[in-house]
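The structure appears right after this line, and notes come after that.
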Amino acid sequence: METRVDEIADKIYRFSTLIPGVAGPAGLTFNQFLIDADEKLLFHTGQRPLFPAISAAAARVIDISRLRWITFSHVESDECGALNEWLAVAPRAIPAHGRIGCNIWLNDMADRSPRALAHGEVLDLGGKKVRRIDTPHLPHCWDAGLIFEETTGTLFTSDIFTQPGDGPALTEGDVIGPAIALEKVLPFTAASPDTVTMLRTLAALSPRKLALMHGPSFSGDARVALEAMANFYDEKLRDALAR
Ligand SMILES: [Fe+2]
Ligand SMILES: [Fe+2]
């Protein structure tokens, strides 16, 4: 199993591992992101079995013992399964998550006390600025949230826009069609009355890059892509109510 390393924005690195047979015959990529600022931040830890490959990939970019922050979207194995393995090799790293996630899970699960991030709170990493955005149940799980790196305009979307198969690290192509096609056969998003509003709020950030957890990163007018996903769920919810 090989973990690819690519720089998808200035000093933002994507670690990508294709797992065959997941979500269909083309397999699924599992991607983690490193923001290489003065205070280095890892977004997503990967599952525990992937830790040797992902940490070796990260060690090609930085001294991983210097990681300062480890954060993620929501509590699931691919987002945070290897959190404690990372904490063991990065003695100064602080696990960070939204307040709900700390209360319902991380205060108990993490080997080191977590830092609860408020909705909208900005971490000044020194050269990069990361804003935590609570998105409860989007893509799924009550504790869900995303991060937005303000200097590069990069939105880390977690499972939103998930698409199967391997591909380029960075694309300017269509990330909407493949995501909607997969959602129709594998409805993993917990569409709620707030889903559409949250997606439109994310669109209003006008991100220049989208860092997908499962699929290529996207460069271009991400506002259009986020509005398209909002429209898809709006229609889906209206259809459900009309039944
Ligand atoms: Fe997930
Ligand atoms: Fe995921």
Side-chain angles (χ1 to χ4, degrees), residues 1 3-4 6 8 12-24 26-35 41-51 53-54 57-58 70-83 85-86 95-98 100-102 104-106 109-110 132-148 154-167 169 175-176 178-192 194-195 198-199 202 209-218 225-226 229 232-233:
M1 198 165 293
T3 299
R4 286 176 49 185
D6 291 279
I8 56 106
I12 297 180
Y13 295 88
R14 171 186 184 259
F15 309 126
S16 182
T17 311
L18 178 73
I19 309 287
V22 178
L28 191 67
T29 54
F30 289 79
N31 306 321
Q32 304 77 37
F33 297 91
L34 171 74
I35 300 177
L41 180 146
L42 182 71
F43 187 66
H44 303 152
T45 71
Q47 302 91 323
R48 288 189 299 161
L50 293 186
F51 177 72
I54 299 166
I70 301 172
T71 188
F72 50 90
S73 167
H74 52 276
V75 172
E76 276 189 325
S77 61
D78 56 339
E79 276 80 6
C80 66
L83 174 63
E85 281 78 358
W86 283 100
H97 194 24
I100 289 170
C102 288
I104 66 172
W105 193 245
L106 213 57
M109 185 194 79
R132 158 84 193 189
I133 303 166
D134 289 346
T135 58
H137 304 292
L138 177 67
H140 40 238
C141 301
W142 185 21
D143 58 313
L146 305 176
I147 59 169
F148 180 61
T154 302
L155 179 68
F156 297 75
T157 65
S158 178
D159 300 330
I160 305 171
F161 296 106
T162 287
Q163 62 171 264
D166 210 354
V175 289
I176 305 160
I180 289 176
L182 185 69
E183 176 75 40
K184 283 180 176 172
V185 295
L186 201 68
F188 56 83
T189 303
S192 82
D194 299 320
T195 304
M198 286 190 287
L199 283 165
L202 295 170
K209 293 253 171 77
L210 297 174
L212 277 57
M213 182 173 198
H214 310 284
S217 293
F218 171 77
L226 288 155
M229 292 308 288
F232 168 72
Y233 290 112

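Along the sequence shown, residues carry numbers from 1. Every number for a ligand or one of its atoms is a count from 1 in the order of the listing. All values below come from the heavy atoms of this structure, side chains included, with hydrogens, waters and symmetry mates left out. It should be emphasised that the depicted structure is a prediction, and the values quoted were computed from it without experimental measurement.
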Notebook entry, point to check: side-chain contact (heavy atoms from CB on, under 4.5 Å) between R14 and S217: does it pass, once the steps are laid out?
Noted result: CA-CA 9 Å; R14 171 186 184 259; S217 293; 3.9 Å; yes
Notebook entry, point to check: Got a sec: is H214 within less than 2.8 Å of the Fe ion (ligand 2) via an N/O/S atom?
Noted result: yes
Next item on the list: Mind checking how many protein N/O/S atoms fall short of 2.8 Å from the Fe ion (ligand 1)?
Entry: 4
Check: Mind checking whether H140 and F188 have parallel, tilted or perpendicular rings, split at 30° and 60°?
Finding: perpendicular
Check: Does a donor on one side chain and an acceptor on the other come within less than 3.5 Å for S16 and T29?
Finding: no
Margin query: Under the criterion side-chain hydrogen bond (donor to acceptor under 3.5 Å, both in side chains), I'd like the reasoning laid out for E183 against T189: C-alpha separation, chi angles, the key distance, then a yes or no.
Written below: CA-CA 8 Å; E183 176 75 40; T189 303; 2.8 Å; yes
Next item on the list: Please assess T162 against L28 for the test side-chain contact (heavy atoms from CB on, under 4.5 Å), listing each intermediate value before the final yes or no.
Entry: CA-CA 9 Å; T162 287; L28 191 67; 4.0 Å; yes
Item checked: F156 ring center near F43 ring center (under 6.0 Å) -> yes
